[in-house]
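Input: a single structure, listed below in structure tokens.
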Amino acid sequence: MATNVLVIGSGGREHALCAGLVSSPTIDSLFCSPGNAGTASIATNVKLDIGNHKSVIEYCKNHEISLVVVGPEAPLCDGISDSLMAAGINSFGPESYLANLEGSKAFAKEIMIKAGVPTARVERLEEGSDINKFLDEFSANPWVIKRDVLAGGKGVVVTTDRQEAIDFIQFSIDSDGYVLLESFLSGEEASMLVVMDKNSFLCLPASQDHKRVGNGDTGPNTGGMGAYCPAPVVTEDVFSKVESRIVKPMHDFFSTLDVPYRGVLYVGLMIDENGDPSVVEFNVRFGDPECQVTIPMIKADLVELFTAACEDKLGSVKVDFHTQSAICVVLASEGYPSSPIKGRPVEGIITGFGTPGLNSSWINPAGLSSGENGELIASGGRVLTCTAMMDNLDLARDSAYQKLSELSLEGAHYRTDIGHRAF
Ligand code: AMP
Ligand code: GLY
């Protein structure tokens, strides 16, 4: 039976989801809200007030949409899946109670402790806490301090500077009432995306993001400047440890709840020198830009896969993965991440954005809009990713950078070392 699908979101991640979904043999119509210039080329962009669940449900009913795929975390924390599922519309993404795994770091820690998964030790500091005593106790340099709010990547400070640590702790307590001090985990980071339902889970090939703005992992944190998949740091042995020590215990725990986890769980990992993984963070959605390199690796009908997860039938879907490599590089506006300059034209996209596939390169538009005369305009910090999937990472990297070299945007910047840890 053909299905109409709505994707919520506007980034490169949502473009990658749309591009994957639209190639499904079982899709009829694809909608994206609000979408971007890229999703407009493969789906119908619609302006919906996502916070108004009644109107979203009405739109879905009027357009016979039976599957909603939620890209970003905010609507999930706001309960969009609770409302849609209650109205009989499949929503891929957890309901609000478990979306809190991303919405609240304190809640996430509580669940990790209950499920018994390895993670950093944490202390909650509030007004009256002896900050200096705790800084001495967590003397393992550097200190890791986390605000417990959705802060768009700006809520975490990792520092060896005691005064900076004290200032950030005090600022966070003043703003939020409390703050979390964590032990430092050393090693290499990787991301594992896991599709889950009540009865089973499916680990997708692991990937690696590049969170700092500059080459060599320098400069401020960003949403992510590029990614590749699979990440060689996640060897078969590490993969099976992640499955048995983290994913399975989390899934077992979720399955005891009234409302299980249905959607994709993003496990942010730190892998130490012995290949032992710990959880740095959970997100309740696909990573951006990890999604752009992970979705193309999946050899399955995404409509069928996501629908099955919403209906606790994930175990009945056969999924294979490409054994090749995908990589993507983010093109960012001047001033990103602090104050991106928007409104400048993006030139060089002559033959469209391309189609994801093996031995291809393509563009995943993100903060990219169409002007009045169809010209393409940078409308966000992360403007697009150039993505490629090839026989090996070397070829994929060359291809993605080749694609990037064809584009121009005044003042734009990008990292030239995406994938450096793998090489
Ligand atoms: P989070 O928002 O929790 O993912 O933190 C943002 C970034 O800070 C992570 O991607 C890590 O690079 C770093 N980080 C967070 N927690 C820790 C930790 N306990 N030890 C080391 N690095 C961390
Ligand atoms: N790329 C990191 C994230 O999506 O949170």
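Residues: numbered from 1 along the sequence shown. As the structure is a prediction and not an experimental result, all values here were calculated from the model. Every number for a ligand or one of its atoms is a count from 1 in the order of the listing.
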Check each atom of ligand 2 against the heavy atoms of [X] and keep those under 4.0 Å away; list them by number with element.
X	result
N283	5 (O)
G287	4 (O)
D209	1 (N), 2 (C)
G223	1 (N), 2 (C)

For atom 8 (O) of ligand 1, which candidate among V156, D217, V144, N283 holds the nearest heavy atom? V156
Selection from R285, R13, H210 by shortest heavy-atom distance to atom 4 (O) of ligand 2: R285
Which atoms of ligand 1 are found less than 4.0 Å from any heavy atom of [X]?
X	value
E281	1 (P), 2 (O), 3 (O), 4 (O)
K211	10 (O)
A120	19 (N)
E189	9 (C), 10 (O), 11 (C), 12 (O)
F184	20 (N), 21 (C), 22 (N)

With under 30° as parallel and over 60° as perpendicular, where do the rings of F254 and Y261 fit, or are they tilted in between? parallel
Salt-bridged, K105 to E182, with N to O below 4.0 Å? no
Indicate yes or no: does K133 engage E123 in a salt bridge with an N to O separation below 4.0 Å. no
Taking the six-membered ring for Trp and the single ring otherwise, decide whether the centroids of Y414 and Y336 are under 6.0 Å apart. no
Heteroatom distance test (K211, ligand 2): nitrogen or oxygen, under 3.5 angstrom: no
Do you see a donor-acceptor pair shorter than 3.5 Å between the side chains of [X] and [Y]?
X	Y	answer
N141	T160	no
E290	S207	no
N283	E73	no
T416	N215	yes
D82	H53	no

Any N or O of K146 closer than 3.5 Å to N or O of ligand 1: yes
Do any N/O atoms on L185 end up under 3.5 angstrom from N/O atoms on ligand 1? yes
For ligand 2, indicate whether the residue F286 contacts it via side chain, backbone, both or neither (heavy-atom separation under 4.0 Å). neither
Under a heavy-atom criterion of less than 4.0 Å, does S186 contact ligand 1? no
Only residue of T387, T39, D288 satisfying side-chain hydrogen bond (donor to acceptor under 3.5 Å, both in side chains) with N364 is T387
